[in-house]
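This report refers to the structure that appears directly beneath it.
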Amino acid sequence: MKKRILSGMRPTGKLHLGHYLGVLANYVSLQDEYDCYFMVADMHALTTKWNESGSIRDYRREMVLDWLGAGLDPGRSAIFCQSDVPEHAYLFTLLAMITPVSWVERNPTVKEMIRDMGLKDNVNLGLLSYPVLMAADIMLYRAQAVPVGKDQVPHLEFTRELVRTFNHTYGTDLFPEPVPILNEFQRLPGLDGRRMSKSLGNDIVISDTPDVTAKRMMTAYTDPLKVRRDDPGHPEAGCVIYQYHKLLQPGTAGEAKLQCEQGLLGCVAHKRSVAAMVTERLAPFHERRAAFAADPGAVDRILAEGREKASIVATETVRMAREAIGI
Ligand code: TRP
């Protein structure tokens, strides 16, 4: 029997190159080894975007197309939407009963969200209980492992604590303690050198056309001391283009570094060639994505199938959880 994994992303924007090379590549390769559940976390998106709910539906479609383009295979993996499977909310309620308020208040990832969004005294109950809903997502499929980014590890630790608490309180071994599957890919810098993020406006959106990507690439941060082509560059001093080059085509990066330092390679030319590397890397993605996008019913159909698959496990888990609790 294959081990089961569950992961999810909030549909709050278009996916960028950091998602693609990091999390998505990981998702795709895990499909061989695991029984996979990939979830559009639209209820989690509502915790902060409750008043922009219209955009969530649009991003849901874009995100699923990005997943399919990257190579998630609906024939092997369940691709579904959180709000389509009501058992998430059901298990959440059961878990809320065994969750001390102090646990959610001290969760570092939630604290960070509150700080970053300037919410402070304006935190809704949904956001505070974010980690409990995430634990419900994972536990509903009795997932043994969860592919996530490093920032999500505190949430996973929280899930493990809830698993232990549930099993101990109700004298059961229903839920396994899920372990994180971290991707080794190092974090991709954004065009300005800070972490790549839509909210910082420094991202390379994977569904953009090669033209748009090339234009965006021209805005990337390079060595400010290199004004003309023949100025000696310092690519190690935070040049984003050089970092992209190393990640995308490590074999040729050393040569480019030398040429930059010797004043033989200018920033504009280097940006052009790195933009071409991105286009080349994303070509199979664009081709697959376009094929799915051309079929207007495809996403809805895939989500409906995914929901069926997810519901089978979800209803079974809820039945067993009720039995363990004795209600
Ligand atoms: N919190 C995750 C994020 O922001 C999204 C998420 C929701 C998730 N439920 C999950 C991830 C369950 C893994 C497992 O990226």
Side-chain angles (χ1 to χ4, degrees), residues 3-16 18-20 22-27 30 34-49 56 59-60 63-64 66-67 72 77-92 95-96 99 104 107-117 126-163 175-183 185 187-188 195-199 203 306 310 313-314 317:
K3 286 190 176 170
R4 202 144 54 203
I5 63 176
L6 172 287
S7 193
M9 290 187 196
R10 282 174 293 160
T12 53
K14 295 187 170 180
L15 299 186
H16 58 59
H19 295 126
Y20 185 80
V23 190
L24 273 185
N26 208 14
Y27 278 9
L30 291 166
Y34 294 92
D35 186 18
C36 295
Y37 289 75
F38 297 116
M39 178 191 77
V40 180
D42 59 344
M43 296 205 290
H44 275 110
L46 277 177
T47 62
T48 55
K49 306 256 178 201
I56 293 177
Y59 284 135
R60 172 175 95 179
M63 198 168 82
V64 171
D66 283 347
W67 285 1
L72 290 200
S77 301
I79 297 171
F80 69 101
C81 183
Q82 188 181 31
S83 65
D84 282 343
V85 181
E87 284 78 9
H88 288 261
Y90 194 115
L91 186 59
F92 165 84
L95 295 178
T99 307
V104 288
N107 184 284
T109 310
V110 171
K111 276 190 183 163
E112 213 170 274
M113 285 174 90
I114 292 168
R115 195 196 53 217
D116 288 354
M117 306 191 69
L127 181 60
L128 191 63
S129 59
Y130 188 112
V132 186
L133 182 58
M134 183 157 156
D137 298 337
I138 297 165
M139 291 166 69
L140 197 52
Y141 301 93
R142 283 163 279 143
Q144 280 121 326
V146 182
V148 278
K150 245 197 180 142
D151 60 314
Q152 298 291 310
V153 169
H155 284 326
L156 214 63
E157 207 37 66
F158 184 95
T159 302
R160 292 164 59 85
E161 267 183 289
L162 269 189
V163 163
F175 296 111
E177 271 186 52
V179 295
I181 301 176
L182 292 166
N183 55 286
F185 194 82
R187 209 173 202 149
L188 198 70
R195 74 185 164 89
M196 186 176 283
S197 147
K198 171 191 152 77
S199 53
D203 57 341
V313 187
T317 303

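Numbers here simply count residues along the sequence, with the first being 1. One-based numbering, in listed order, for ligands and for the atoms of each.
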Which heavy atom of Y59 sits nearest a heavy atom of K14, and at what distance?
CE2-N, 4.0 Å
Is there a side-chain contact between [X] and [Y] in this structure, where contact means two heavy atoms from C-beta onward sitting under 4.5 Å apart?
{"X": "Y20", "Y": "L188", "answer": "no"}
{"X": "Y37", "Y": "V313", "answer": "yes"}
{"X": "I138", "Y": "F175", "answer": "no"}
{"X": "M9", "Y": "L24", "answer": "yes"}
{"X": "V104", "Y": "P131", "answer": "yes"}
{"X": "V148", "Y": "H155", "answer": "no"}

Considering only protein heavy atoms, which is closest to [atom], and at what distance to one decimal place?
{"atom": "atom 2 (C) of ligand 1", "value": "Q152 OE1, 3.2 Å"}
{"atom": "atom 7 (C) of ligand 1", "value": "H44 ND1, 3.3 Å"}
{"atom": "atom 8 (C) of ligand 1", "value": "G8 O, 3.6 Å"}
{"atom": "atom 9 (N) of ligand 1", "value": "D137 OD2, 2.7 Å"}
{"atom": "atom 14 (C) of ligand 1", "value": "L6 CD1, 3.6 Å"}

What atoms of ligand 1 come within less than 4.0 Å of a heavy atom belonging to [X]?
{"X": "R10", "answer": "4 (O)"}
{"X": "V146", "answer": "13 (C), 14 (C)"}
{"X": "A41", "answer": "7 (C)"}

Distance, nearest 0.5 Å, that separates CG of L182 from CD of Q152:
10.5 Å
To the nearest 0.5 Å, atom CG of D42 lies from atom OG1 of T47 at 11.0 Å
Is there any N or O on Y130 that sits under 3.5 Å from an N or O of ligand 1?
yes
Between S7 and ligand 1, is there a nitrogen or oxygen pair with a distance under 3.5 Å?
no
Proximal candidate to atom 10 (C) of ligand 1 [heavy atom criterion; set H88, H19, M43, M134]
M134
So which bit of V148 gets within less than 4.0 Å of ligand 1, heavy atoms only: side chain, backbone, both or neither?
side chain
Does at least one non-hydrogen atom of Q82 fall below 4.0 angstrom from an atom of ligand 1?
no
